[in-house]
Novice: 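Can you keep this structure in mind? I'll have questions shortly.
The analysis underlying the following values was restricted to heavy atoms, covering all of them including side chains, and did not include hydrogens, waters or symmetry mates. In the text below, chain A, chain B and the rest are named by the order of the sequence lines, each starting its count at 1.
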Number of protein chains: 2
Amino acid sequence: MILREGLAGVTVRGVAAEAGWSTGSLRHYFKNQHELQAYVVQATTDTLRRRVLPRVQRPRTAGSVVEGIAAIVQEMLPLDAERREEYALWSAVVEWERQHPPEGGSTAWNDQRALYRQCITFMRGYEPVRDPDQATLPHPDDQVELWAAILHTFVDGLASQLMNTPGEMSADTVAPLLRSLLEAVPPAGLDRRAHQP
Amino acid sequence: MILREGLAGVTVRGVAAEAGWSTGSLRHYFKNQHELQAYVVQATTDTLRRRVLPRVQRPRTAGSVVEGIAAIVQEMLPLDAERREEYALWSAVVEWERQHPPEGGSTAWNDQRALYRQCITFMRGYEPVRDPDQATLPHPDDQVELWAAILHTFVDGLASQLMNTPGEMSADTVAPLLRSLLEAVPPAGLDRRAHQP
DNA sequence: CAGTTAATAACACGCCCGTGCTATTTAAAA
DNA sequence: TTTTAAATAGCACGGGCGTGTTATTAACTG
């Protein structure tokens with residue numbers, strides 16, 4: 001229902017009919033439409049996190065560092081029908097949360113940033129952090145933070161273009177862009193390069 | 001009305017009431033709700049194009065090449081209330097066009113790509129193209145096309161994060177990210193650098 | 001001036017919606 | 001078995017909506 005008509009289309013009558021219940025029965029569990037939609041948001045984000053997290057932790061194929069990171073990043077992108085559906089779900093929830101801001105801040109952004117922080121950490125030759133919670137903290141190397149932010153932003157742009165203008169940005173177009181951006185990440189030990197004439 | 005409730009909230013009765021007219025009177029000009037919304041989409045994109053185009057063609061302040069290009073790009077970003085409003089309008093139209101695909105393809109994407117193509121063209125030392133229509137065509141240098149696409153995607157990501165997670169990505173955060181990305185654009189004449197060991 | 005068309009208004013019908021309220025069935029507890 | 005609470009169903013009210021139809025006013029034309 002969210003995919004068809006957005007979160008505003010999640011209506012008491014509609015959900016009840018689709019589930020084969022009556023509206024009164026449904027309202028025994030969700031006394032408001034607002035409660036129903038809040039539950040839908042919670043369930044959607046939980047389901048997505050459960051589906052996305054193991055996907056980026058699968059064993060990686062052999063290859064160069066850039067190609068390995070690129071493979072991980074591409075797992076996050078809406079490149080096929082299934083992931084397009086996931087992303088549409090996620091952006092419906094994001095938009096709804098922007099109009100109805102929740103009590104506690106959203107943690108989705110920090111989860112993603114931690115993933116890209118680990119990618120850049122590995123690319124610059126540091127030991128990858130094993131503890132997932134520790135990856136939420138900023139890295140001592142400022143260049144790691146900078147390029148994690150750049151990569152994070154770039155991937156958001158890729159996803160946005162894949163969803164909004166699929167005719168212009170396709171799965172084939174993504175790969176060389178991503179590879180070139182990753183190759184532009186400066187290697188460790190050259191931090192002062194940009195400051196020299 | 002679009003900003004408040006999205007394009008689905010552009011209703012015959014609502015527009016008529018807000019304009020001080022009657023529904024019958026409004027429907028003398030738009031016989032459908034669909035016609036009304038289609039007109040709203042057209043008017044919105046036209047207005048936005050008229051407002052955005054002269055903004056990037058203003059005389060630029062002196063400074064380095066990277067800073068000049070960064071200033072142009074930052075003009076496109078939703079960094080203040082007015083441009084946040086414009087961007088919200090634009091994304092409401094984009095989302096509506098994704099659910100109701102129009103007859104002729106959207107030209108907004110090509111307009112933007114042409115802008116970033118000219119930025120990269122200038123950064124790599126080529127003569128900037130004077131004819132605006134000619135900038136719509138691909139540049140003979142593949143690296144220009146590649147980095148125009150990267151910049152385009154990156155700016156989309158910046159805009160997306162500024163709108164969706166303003167607490168995490170602010171105007172102050174944008175500047176160093178954008179500057180570092182622009183500094184990573186390879187200068188002309190070094191195309192084969194990546195292929196050498 | 002009369003006549004014709006555009007412009008504006010008003011109403012009615014049917015649909016979907018949220019929500020409050022009241023029955024009825026089911027299940028557990030005493 | 002009786003009692004009690006939970007679970008399910010159904011109905012009714014008011015409201016917003018798109019749209020078709022008809023009436024009224026304005027403007028233009030001959």
Novice: With a 3.5 Å cut-off and just heavy-atom distances, do the side chain of B:Arg27 and the base of D:dG18 make a donor-acceptor pair?
Specialist: no
Novice: When you measure from the side-chain N and O atoms of A:Ser25 to the phosphate of D:dA9, is any distance below 4.0 Å, counting only OP1 and OP2?
Specialist: yes
Novice: Closest to the B:Arg13 side chain: D:dC11, C:dG18, D:dC17?
Specialist: D:dC17
Novice: For C:dT8, does either OP1 or OP2 sit under 4.0 Å from a side-chain N or O belonging to B:His28?
Specialist: no
Novice: Quick check: on DNA chain D, is the nucleotide nearest B:Val12 upstream (toward 5') of the one nearest A:Ser22, or the reverse? Name the residue that is more 5'.
Specialist: A:Ser22
Novice: What is the separation between atom CD on B:Glu5 and atom P on D:dG16, rounded to the nearest whole Å?
Specialist: 12 Å
Novice: Less than 4.5 Å apart, any side-chain heavy atom of A:Leu178 and any of A:Phe154?
Specialist: yes
Novice: Atom NZ of A:Lys31 and atom P of D:dA6: how far apart are they, to the nearest Å?
Specialist: 15 Å
Novice: So, does B:Thr23 get its side chain near the phosphate of D:dT19, meaning an N or O under 4.0 Å from OP1 or OP2?
Specialist: no
Novice: Just how far, in rounded Å, is P of C:dC16 from CD of A:Glu18?
Specialist: 14 Å
Novice: The side chain of B:Gln33 lies closest to which of these nucleotides: D:dT19, C:dT8, C:dC17?
Specialist: D:dT19
Novice: Using distance alone, with no hydrogens and no angle criterion, decide if A:Ser170 and A:Thr173 have a side-chain donor and acceptor under 3.5 Å apart.
Specialist: yes
Novice: Would one find a side-chain N or O of B:Tyr29 under 4.0 angstrom from OP1 or OP2 of C:dA6?
Specialist: no
Novice: So that I can tick it off, tell me whether A:Asp80 and A:Arg83 are bridged by a salt bridge, with the cut-off set at under 4.0 angstrom between side-chain N and carboxylate O.
Specialist: yes
Novice: How long is the straight-line distance from CD of B:Glu75 back to CG of B:Leu115, given to the nearest 0.5 Å?
Specialist: 11.0 Å
Novice: Taking CG from B:Asn32 and P from D:dC17, how many angstroms apart are they, rounded to a whole number?
Specialist: 17 Å
Novice: Taking all non-hydrogen atoms of both residues, which atom of A:Asp156 and which atom of B:Gln161 are closest, and how far apart?
Specialist: OD2-NE2, 3.1 Å
Novice: Whole Å only: how far is the CH2 atom of B:Trp21 from the C1' atom of C:dA7?
Specialist: 10 Å
Novice: What integer distance in Å separates A:Leu36:CG from C:dT19:P?
Specialist: 10 Å
